[in-house]
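Here is how names work: the chains are called A, B, and so on, in the same order as the sequence lines, proteins then strands, and each is numbered from 1.
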Amino acid sequence: MTTAQTQQRQPQQPAGAEAAAKRRSARRPKLVPGILLGVALAYVLVLLLGPLAGIIYYAFKSGVGVVGQTFSRPDVQHAFYLTFVIMLITVIVNTVFGVLVALTLARDRFPGKRLVSALVDLPLAVSPVIVGLMAVLLFGRGGWFEPFFAARGIQIIFAVPSMVLVTIFISIPFVIREVVPVLQELGLEEEQAAWTLGASKAQTFFRVTLPNIRWGLLYGIALSAARAIGEVGAVLIVSGAIQGQTETATLFILRAFDQFQDQPGYIVALTLAAFSILLLIGIETFKRKRSREAG
Amino acid sequence: MAGAITVQGLTKSFGAFRAVDDVSFEARAGEITALLGPSGSGKSTVLRMIAGLEQPDAGSIWVGSEEHTDKTPQERRLGFVFQHYALFRHMNVRQNVEFGLKVRKTPRPEARSRVDELLDLVGLGPFGDRYPDQLSGGQRQRVALARALAPRPQVLLLDEPFGALDAHVRQELRRWLDGLHRELGVTSLLVTHDQEEALELASAVVVMRRGRVEQAASPVDIYNRPATPFVAGFVGASNVVRGTVQRGSLHFGGTAVAGADHVAAGTGAQAYIRPHDVLLTRTPADRSFPVSVERRTDLGWMSKLQLRLTDGQAIFAELPNEELDGIEEREHVYANLRNAKVFSIDAGEPPAGGADDGPGRAAPHTSDENEVLAGQPGHE
C-alpha cells in the first residue's frame with residue numbers, strides 16, 4: 001500500500017532529479033554504498049532465495065519420479081482443484097463487490113464513510129485464525145446462523161462454503177485499496193464528458209471508467225488471488241481439513257509434513273510457490289502500468 | 001438547429017452556501033454569450049445545471065422551445081467543453097472524437113467521415129492516432145471541442161475552456177474559436193473570469209457575482225454603461241473616488257461630476273472613472289481641477305500616471321505619450337474627467353477596489369474584486 005502510493009506520486013521523474021542523484025552518489029565515498037548493497041543483497045538472498053532453493057532441492061532430492069507420483073495422487077489433485085475453486089470464487093466476488101465499494105468510497109459522501117473505509121482494512125489487522133474462529137461461532141453448532149442453514153440442509157462449517165467465506169473475508173481489502181486511489185485520481189470529469197456525449201451510465205462505466213482503472217483493478221485481483229491460494233489459518237479452522245473433501249493445497253502440505261511425507265509436501269509447496277511467482281510478475285507489471293494510469 | 005438558451009429563476013445551494021441565486025438570462029440562438037464573473041460567482045454552476053451535471057433547486061432551463069430542466073445530461077444533446085479537457089486518456093484522438101457518435105449508434109461510415117471532417121476543422125488531421133498525453137494543452141482543448149461538436153449538438157457549453165492554458169496559446173485559441181464560431185454558428189455559452197475574453201468573443205455578456213446576475217448586456221454596454229459598481233470595477237480598470245452629493249453632482253477633490261441625481265443630497269457616493277478617461281493639461285481648462293503627478297511609468301507609446309487630488313485621494317491615468325505634452329513627475333497640472341459613473345455607497349456593497357489606494361478595500365469578499373486592475377494592458 002505504501003509502496004503503491006509512493007510510486008503513484010512520482011509518475012515520471014524529471015530529468016533534473018536523475019542528474020542530481022548521480023552527482024550526489026559521485027560525491028559520496030564508494031565504500032558505504034558497497035557495504036549497504038552487500039547487506040541488502042545478502043538479506044534478500046538468505047531470506048527469500050534460500051528457502052526457495054531449499055524447497056527445490058528437497059522436492060527433487062529422491063528423483064523426478066516422485067513428482068509424477070505426487071501429482072497423480074487423487075488427494076493432491078483434489079487439493080489443487082479446491083484451492084483453484086476457492087481462489088476463483090474469491091476473486092470474482094471480491095472484484096465485483098470491491099469495485100462497487102471502491103466506487104462508493106471514492107465518489108459518494110455519506111455519514112460513517114471513514115468508519116467504512118477503516119473497516120475495509122480490518123482483515124489485514126486481524127489474524128486469519130481469529131477470522132476462522134468468528135466463522136465457526138457464526139455458522140458452527142449453536143452459532144447464530146446455524147439453524148437457518150441447518151434447516152435447509154446446507155452445510156457451512158467443515159465444508160467448502162465456509163472456506164470460500166473466510167477466504168473472501170481475508171482478501172476483501174486488496175481490490176478496494178488499489179482501486180479507490182485510482183478512482184480518486186481519475187475524478188469525475190471524463191465520466192461527465194461521456195454523459196454529455198450521450199453515453200448511458202452503463203456505457204460510461206464499461207467504456208470510460210473500467211478501462212481507466214484496469215491496471216489498478218488487475219493489481220488488486222492479483223493480490224487477492226495470491227492471498228487466496230496462500231491462506232492456511234482461517235481455512236484450517238473452518239474446514240476441518242478432511243482429506244479429499246475440504247483439504248486445500250496448503251492444508252495438504254501441513255498434513256504431508258505431519259505424516260512424514262516430506263517430498264510430496266515440498267513438491268506441492270514448490271508448485272504453489274511457482275504460481276505465486278507468476279502472480280508476482282503479474283503484480284509488478286500491473287503496478288507499473290497502474291502508477292502510469294494514476295499519474 | 002441552433003436554439004436559444006433560456007434560464008429562468010435558476011437557484012442552487014450547496015449546503016448552506018447559495019451558489020446560484022435566482023438567475024435568469026437568455027443566450028440568443030447562434031451567438032456566443034459569455035458568463036463573466038470572479039471565481040465563486042456561480043457561473044460554472046449555472047453552466048453545469050444547463051448541461052444537467054447539477055440539479056437546480058428551483059428554476060427552469062429551456063433550449064429553443066424544449067424544456068430541459070428535468071432531463072438527464074444524455075437526453076439534452078449538448079456539447080460540453082471542460083477546463084481541463086476531460087479527454088478519455090485511454091483512447092486516441094479519433095476514438096475520443098468518435099465516442100459521442102458511437103454511443104449514439106451512428107453508422108460506421110458516417111461516423112468515420114464526421115470524425116475526419118472535425119479533425120480537419122480543428123486542424124488536427126494528422127494527429128488522429130495520438131493519445132491525449134502526447135498532445136499540448138492547446139491541441140487537447142481542440143480535440144475536446146471536436147469531440148463535443150461531433151454529435152452536432154444544439155448548443156455548445158464552454159467552461160473556462162482556455163483557463164488552463166498559458167497566455168500566448170490562450171490568445172491564439174481565442175481567435176481560432178471566434179473563427180470557428182463564425183463558420184458553425186452554434187449557440188454557445190462561454191464561462192470565463194477573463195473580461196477581455198468575454199468582451200472579445202461574446203456578442204452578449206452576463207456578469208455574475210455571488211450567485212446573482214449583476215448585468216446582462218452587450219459588451220459595449222457592459223463597458224460603457226455598467227449597471228452596478230461591481231461591473232464598473234470588474235470589467236475594465238476603474239478608478240474609484242469618493243465624495244459627497246450636492247445638487248445632483250458628486251463633489252470631490254476640487255471638482256464635481258454630474259450624474260448623481262439618483263443619490264440623496266448630502267450623502268456619500270463614489271465615482272468610477274476609467275484610467276483612459278482622465279485627461280491632463282498644463283493650463284486650466286473648462287471644468288478642470290488641479291492634481292499633482294506623483295509617479296509616471298512610461299510604457300513607450302503610453303504612460304501610466306499616479307495622480308493625487310487636492311483632497312488626498314489618488315487616481316491613475318493612462319494616456320498616449322503624444323497627448324501627454326511632456327508632463328513629468330512632481331508637476332502640478334490640471335485634470336478633466338470623462339464618463340464618470342456615480343454610484344451610491346450601499347451598506348451591502350463594499351466599494352470595489354479599483355486604482356484607489358485609499359481606504360475601502362476591507363470587505364472580506366474582495367479577493368475577487370482585487371483583480372480589478374487585471375484588465376489593464378500588460379497585467380495578466
Side-chain angles (χ1 to χ4, degrees), chain A residues 7-15 99 103 106-111 113 178-179 181-219 285-295, chain B residues 14-15 44 47-48 50-54 68 71-92 95-106 111 131-133 140-141 143-160 164:
Chain A
Q7 282 231 354
Q8 217 174 298
R9 292 224 180 86
Q10 28 169 272
Q12 278 128 25
Q13 278 239 339
V99 170
L103 279 169
R107 299 279 162 83
D108 298 341
R109 292 168 59 170
F110 54 90
K113 178 174 166 175
E178 294 315 320
V179 172
V182 180
L183 278 173
Q184 281 168 341
E185 180 72 32
L186 183 64
L188 279 173
E189 280 202 340
E190 283 186 43
E191 290 172 28
Q192 292 179 340
W195 299 345
T196 63
L197 290 165
S200 68
K201 297 242 166 163
Q203 281 175 320
T204 304
F205 177 77
F206 286 107
R207 286 172 186 241
V208 177
T209 316
L210 199 56
N212 269 316
I213 63 171
R214 62 186 188 272
W215 298 119
L217 182 59
L218 280 172
Y219 180 41
T285 316
F286 300 149
K287 198 165 72 180
R288 261 205 312 280
K289 299 212 175 190
R290 186 214 47 175
S291 67
R292 213 173 303 146
E293 98 189 350
Chain B
F14 296 105
S44 281
L47 198 75
R48 293 173 60 82
I50 294 170
L53 298 175
E54 303 279 359
H68 275 200
K71 286 186 176 176
T72 64
Q74 288 87 348
E75 291 164 339
R76 299 187 191 205
R77 298 179 153 267
L78 311 173
F80 198 101
V81 175
F82 293 81
Q83 177 175 3
H84 298 287
Y85 330 121
L87 293 178
F88 306 127
R89 56 191 101 175
H90 61 288
M91 298 182 198
N92 65 26
Q95 292 165 328
N96 264 284
V97 177
E98 204 181 10
F99 185 87
L101 304 169
K102 231 171 174 175
V103 296
R104 291 218 164 98
K105 311 263 184 284
T106 311
Y131 282 83
D133 60 3
R140 286 184 211 186
Q141 199 54 293
V143 175
L145 206 66
R147 183 179 69 175
L149 289 170
R152 301 180 196 279
Q154 294 192 63
V155 302
L156 186 61
L157 306 175
L158 303 126
D159 190 2
E160 302 261 10

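Both the backbone and the side chain of A/Glu190 come within less than 4.5 Å of a heavy atom in chain B. For B/Arg104, the part lying under 4.5 angstrom from a heavy atom of chain A is the side chain only. Neither the backbone nor the side chain of B/Ala150 comes within contact range of chain A; no heavy atom of the residue lies under 4.5 Å from a heavy atom of that chain. Contacts between A/Thr204 and chain B at a heavy-atom distance below 4.5 Å are absent for every atom of the residue.
Contacts between residues 77-87 of chain B and chain A, defined by a heavy-atom separation under 4.5 Å, are made by B/Leu78, B/Phe80, B/Phe82, B/His84, B/Ala86, B/Leu87.
A heavy-atom distance below 4.5 Å is found between the side chains of B/Arg147 and B/Phe88. Side-chain contact check for B/Asp133 versus B/Arg89: every heavy-atom pair is 4.5 Å or farther apart. In this structure, A/Thr285 and A/Leu218 have side chains that are not in contact, with every pair of non-hydrogen atoms separated by 4.5 Å or more.
When atom types are taken as modelled, the side chain of B/Asp159 and the backbone of B/Ser44 share no donor-acceptor pair closer than 3.5 angstrom.
Shown here is A/Lys113, whose NZ atom has more than 12 heavy atoms of other residues, nucleotides or ligands within 6.0 Å. The environment of B/Phe14 atom CZ is dense: over 12 non-hydrogen atoms of other residues, nucleotides or ligands sit within 6.0 angstrom.
A search for side-chain hydrogen bond (donor to acceptor under 3.5 Å, both in side chains) contacts involving B/Gln95 returns nothing, not counting sequence neighbours.
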Side chain to side chain contact (heavy atoms under 4.5 Å, CB included) between A/Arg107 and A/Glu191, intermediate numbers included: CA-CA 12 Å; A/Arg107 299 279 162 83; A/Glu191 290 172 28; 2.9 Å; yes
